[in-house]
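We number each residue from 1, following the sequence as shown.
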Amino acid sequence: MRKLALIGIALFISFNTIGQNTSSQAKELLDQVANKMGAYSNMFIDFNSSLINKEAGITNDTPIRGEIKLAGEKYNLNYLGNNFIFDGNKLVVINQDEKEITISDSDLEDDGFIYPSKLLTFYKKGYTFSMGKLKNNNGRKVQFVDLFPIDSNSDIVKVMLGIDAKTKHIYKLIQIGSNGAETTFTIVKFKSNQPISSNLFSFDKQKYLKQGYFID
């Protein structure tokens, strides 16, 4: 009986050590990615997104295209018919279909959805990590990191972040919601340190007023 108890303790310590190691490896890899991509003066990213919720009968067979340009905390995001412009202080959301504009004094809120502008920072608060699967995607080796929200009431159940093992760039993000929805972002084009316009992250109010936009 004593021998069985000792074996059980040894197995517990072994599994606990493995868990700690995979957690620290995942954190180290995420930091490497954030440090590398965060060091660029700017990034131009084209991505595809898809949404699947089998329980609700939702299958988005046609990927939704989007693009984002980032420089530090500033970004210009075009996604789902909206243009999000954040200059580091104010966020402008331009609804091009409804010709409406809202301006707020803060960035996009954490509402249970990981926006493309948060890809480099979302994991730093409120998640535990572990190394996921290493997959081969058309010759590209993609190392996944599995992230789990600490908050048991989170609308997010799990996030799988796919990282290009060679470039240490983010390649894919898969977010699984508590409602069964699975949202996927895949980066299809990436450029860094590009020449950019000085007004890329600024909002020309008069321009949109002339076009008949309503500004809230």
Give a yes or no on whether a salt bridge exists between K69 and E67, defined as a side-chain N under 4.0 angstrom from a carboxylate O. yes

Test your reading of the model: is there a side-chain donor-acceptor pair from Q194 to the backbone of S192, 3.5 Å cut-off? yes

Kindly say whether N193 contributes a backbone atom to a donor-acceptor pair with the side chain of N42 at under 3.5 angstrom? yes

Closest approach of V157 to P149 (non-hydrogen atoms, all atoms of both residues): O-CD, 3.3 Å

Using a 4.5 Å cut-off on heavy atoms from C-beta on, say whether the side chain of K74 contacts that of L200. no

So, for A26 and F129, which heavy atoms are closest and what is the spacing to 0.1 Å? CB-CB, 3.7 Å

Is it the case that over 12 heavy atoms from other parts of the model lie below 6.0 angstrom from the NZ atom of K36? yes

Would you mind reporting whether K168 and N35 have side-chain heavy atoms less than 4.5 Å apart? no

Please find the pair of heavy atoms, one from I196 and one from F44, that lie closest to each other, and give the distance. CG2-CZ, 3.3 Å

Check the orientation of Y213 and Y208. Use parallel for under 30°, tilted for 30 to 60°, and perpendicular for over 60°. perpendicular

Do N83 and Q96 make a side-chain contact, defined as non-hydrogen atoms from C-beta onward lying under 4.5 Å apart? yes

So does R140 get a backbone contact from the side chain of N137, meaning a donor-acceptor N/O pair under 3.5 Å? no

Applying the side-chain contact (heavy atoms from CB on, under 4.5 Å) test to Y127, which of L147, D146, L30 qualifies? L147

I170 and I187: which non-hydrogen atoms are nearest, and at how many Å? O-CD1, 3.1 Å

May I ask you to decide if the ring planes of Y40 and H169 are parallel, tilted or perpendicular, using 30° and 60° as cut-offs? perpendicular

Ignoring hydrogens and angles, tell me if any N or O in the side chain of K99 forms a donor-acceptor pair with the backbone of Q211 under 3.5 Å. yes

Are F185 and L80 connected in a single hydrophobic cluster, I mean Ile/Leu/Val/Met/Phe/Trp/Tyr linked by side-chain heavy atoms less than 4.5 Å apart? yes

Main-chain N/O of K189 paired with D46 side-chain donor or acceptor, under 3.5 Å: no

Can you tell me if Q143 uses its side chain to pair, donor with acceptor, with the backbone of G162 under 3.5 Å? no

Which heavy atom of F201 sits nearest to which heavy atom of N76, and what is that distance? CE2-N, 3.6 Å

Closest contact, heavy atoms only, I156 versus V159: CG2-CG2, 3.6 Å

Taking Y75 as the starting point, is it possible to reach I101 by hopping between hydrophobic residues whose side chains are less than 4.5 Å apart? no

